[in-house]
Amino acid sequence: MSASPKRVTLLGSTGSIGTQALDVIRAHPGRFQVAALSAQSNADLLIQQAREFRPAAVVIGDESKYAAVKAALAGQETEVLAGAAALTEIAGRPATDVVLTAMVGYAGLLPTVAAIRAGKDIALANKETLVVAGQLITELIRQYGVGLYPVDSEHSAIFQCLVGEERNPIEKIILTASGGPFRGRTAAQLATVTKAQALKHPNWDMGAKITIDSASLMNKGLEVIEAKWLFGLTNDQVEVVVHPQSIVHSLVQFQDGSLKAQLGLPDMKLPIQYALGYPERLPSDYPRFSFLDYPQLTFEQPDGATFRNLPLAFEAMRRGGNAPCVLNAANEVAVAAFLRDEIAFLAMPTLVENCLTKVSYLAEPTLDDYVQTDADTRRVAQELVGRV
């Protein structure tokens, strides 16, 4: 056990991953200390968390809620900040050891870059950071010598399988997908699905955006691109298989043909705890998996013809450059429009595909180029809403 607690800055503390991360921290008093918290708009929960964990600083992204948070925390020594610039600033503060990026979407990119440049280890739950700017992020990780610990259950599984295998080349990795709530449906059946139906994931309890991504298989597409950068793979070394039970969280195949897999019940607290506690496996009272409760584990090919987001993600990965950034921004606009009942479920991949065609391609983008690409894509995508 380390002599002093690991200081954690938690970006996105009021979301699904953030609240579960605080459950992990709460379960290990003395092992972790909350250095800073951030939320976009859930001021009430942020205030509650700040009163319990008493961090040095909190950031509320929605600046209109700054005064309320400031007033509520006036009686304790917690600095209250607001806005995107403050979020990037706290990510690089000296009094933190690891930054857990649990924000959703592109918004996680710049704070993650700031944290890496400040020499902080990264526990990465924000897959979009590597989707948007994988080459840039991996180069910064090498340049600044920081740790990058994946929190996504699939990438945590791969990471765990690779411990002790440093000298053994990967032949390929296989990411498992639950298939979401619409597995087995035809395109005709998907034409009329509703927001409420799409938000009912069979296995995982997640936020709205990730749940919709899972239903459309875009979440798996984003994870494919993330895996390429996390594990230094080529485009042909990543495969996806549908595994409805979500027990096998992913697999690694080595050059001798041997496969290693990580198994467990669908519970995000385990990969969160592994990332925060690495290299130790900390004790937990989480429910244990039993094969007798799951006598059949099944696997099948994903249906890319019906769920077109998955092949679109593979295409963007193969194109490289700023294409994955376009894919991500277009998808964020598409999901938001679907959640507002402005476009149909099957219109989301159509919108993404159109943006990949319309937005200018850059083979070697800089950080500024990624920022511009994101803005340009959102403009084009928003113009397409209502026309797809």
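Hydrophobic clustering of Ile, Leu, Val, Met, Phe, Trp and Tyr side chains at less than 4.5 Å, counting indirect connections, unites L310 with L233. A single hydrophobic cluster is not seen to contain both Y149 and V34; linkage of ILVMFWY side chains at heavy-atom distances under 4.5 Å, directly or through other members, places them apart. In the hydrophobic cluster analysis, where Ile, Leu, Val, Met, Phe, Trp and Tyr join through side-chain heavy atoms closer than 4.5 angstrom, V131 is grouped together with W229. The hydrophobic cluster containing M103 does not contain V69, counting ILVMFWY residues as joined when their side-chain heavy atoms lie under 4.5 angstrom apart, directly or transitively. Hydrophobic clustering of Ile, Leu, Val, Met, Phe, Trp and Tyr side chains at less than 4.5 Å, counting indirect connections, unites L327 with L217.
Not a single donor-acceptor pair under 3.5 Å links the side chain of H243 to the backbone N or O of H249. Proximity of a side-chain donor or acceptor of Q189 to a complementary backbone N or O of T186 within less than 3.5 Å is detected. Judged purely by atom type and a 3.5 angstrom limit, T96 has no side-chain atom pairing as donor or acceptor with the backbone of R93. Of the possible polar contacts, one joining the Q237 side chain to the T234 backbone as a donor-acceptor pair under 3.5 Å is found. Of the possible polar contacts, none joining the K6 side chain to the V98 backbone as a donor-acceptor pair under 3.5 Å is found. Listed for the E128 side chain is no donor-acceptor partner under 3.5 Å among the backbone atoms of A107. Looking only at distances, a side-chain donor or acceptor of E332 sits under 3.5 Å from a matching main-chain atom of Y106. Judged by distance alone, the side chain of Y361 and the main-chain N or O of R319 form a donor-acceptor pair under 3.5 Å. A side-chain donor-acceptor contact under 3.5 Å links D256 to the backbone of S258. Counting only distance, with no hydrogens or angles, the side chain of T14 and the backbone of A39 share no donor-acceptor pair below 3.5 Å.
For the residue pair T373/N322, the side-chain donor-acceptor check at 3.5 Å is satisfied.
Within a 6.0 Å sphere centred on CD of E77, heavy atoms belonging to other residues, nucleotides or ligands number 12 at most. The environment of CD in E166 is crowded: more than 12 heavy-atom neighbours from other residues, nucleotides or ligands sit within 6.0 Å. Residue K195 places its NZ atom among more than 12 non-hydrogen atoms of other residues, nucleotides or ligands, all under 6.0 Å distant.
Summarising the geometry of S246 relative to S178, their closest heavy-atom pair is OG-CB, 3.4 Å, with the distance given to 0.1 Å. Residues I343 and A334 come closest through the heavy atom pair CD1-O, 3.4 Å. Of all the heavy atoms in A91 and P111, the pair that sits closest is CB-O, 3.3 Å. Across all non-hydrogen atoms, the minimal contact from F299 to V241 is CB-CG2, 3.9 Å. Nearest approach of A330 to L351, heavy atoms of both residues: O-CD2, 3.6 Å. V146 and G119 get closest at one heavy-atom pair: CG1-C, 3.4 Å.
Between N309 and S216, some side-chain heavy-atom pair lies under the 4.5 Å cut-off. The side-chain heavy atoms of F231 and I173, taken from C-beta on, include a pair separated by under 4.5 Å. Taking 4.5 Å as the limit, every side-chain heavy atom of N126 sits out of range of all side-chain heavy atoms of L11. Side-chain contact between L270 and Q160 is present, with at least one heavy-atom pair separated by less than 4.5 Å. Using a 4.5 Å heavy-atom cutoff, the side chains of T377 and V333 are not in contact. Counting heavy atoms from C-beta outward, M218 and E223 have side chains that stay 4.5 Å or more apart. With a 4.5 Å cut-off on side-chain heavy atoms, E239 and Q253 do not count as touching. You'll find the side chain of V242 stays beyond 4.5 Å of the side chain of T176, heavy atoms only.
Sequence neighbours left out, the pairs with a member in residues 41-60 that pass salt bridge (charged side-chain N to carboxylate O under 4.0 Å, His left out) are R26-E52. Here salt bridge (charged side-chain N to carboxylate O under 4.0 Å, His left out) pairs that include residues 105-126, with residues two or more places apart or in two chains, number zero. Within the structure, every pair that satisfies the ring-ring contact (aromatic ring centres under 6.0 Å, His included) test and touches residues 337-359, not counting sequence neighbours, is listed here: F182-F345, F338-F345. Each ring-ring contact (aromatic ring centres under 6.0 Å, His included) pair with one or both residues in residues 31-70, not counting sequence neighbours, would appear here, but there are none.
The only member of V224, I225, L356 that meets side chain to side chain contact (heavy atoms under 4.5 Å, CB included) when paired with P324 is I225. Of the candidates L109, L110, T112, V59, T88 forms a side chain to side chain contact (heavy atoms under 4.5 Å, CB included) with just one, namely L110.
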Pair T298-Q296, side chain to side chain donor-acceptor pair (under 3.5 Å): steps then yes or no = CA-CA 6 Å; T298 61; Q296 286 190 317; over 6 Å; no
Checking side chain to side chain contact (heavy atoms under 4.5 Å, CB included) for the pair S13/S38: CA distance, chi angles, key distance, verdict?
-> CA-CA 6 Å; S13 64; S38 85; 5.8 Å; no
I would like to know whether N219 and K127 meet side chain to side chain donor-acceptor pair (under 3.5 Å); could you show each step before the answer?
-> CA-CA 9 Å; N219 191 53; K127 65 177 66 69; 3.0 Å; yes
Pair E165-N168, side chain to side chain donor-acceptor pair (under 3.5 Å): steps then yes or no | CA-CA 5 Å; E165 300 282 2; N168 294 316; 2.6 Å; yes
Taking it one step at a time, do I212 and M348 satisfy side chain to side chain contact (heavy atoms under 4.5 Å, CB included)?
-> CA-CA 10 Å; I212 299 301; M348 291 191 290; 3.8 Å; yes
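Under the rule for a ring-ring contact (aromatic ring centres under 6.0 Å, His included), the partners of Y294 that lie at least two apart in sequence or sit in another chain are F289. Applying the side-chain hydrogen bond (donor to acceptor under 3.5 Å, both in side chains) criterion to T366, with sequence neighbours excluded, gives D369.
Note: F159 and Y278 meet the aromatic proximity criterion, with ring centroids under 6.0 Å apart.
We find that K220 and E226 are not joined by a salt bridge, their nearest charged nitrogen and carboxylate oxygen being 4.0 Å or further apart. Note on K358 versus E353: no salt bridge recorded, every NZ/NE/NH1/NH2 to OD/OE distance being 4.0 Å or above.
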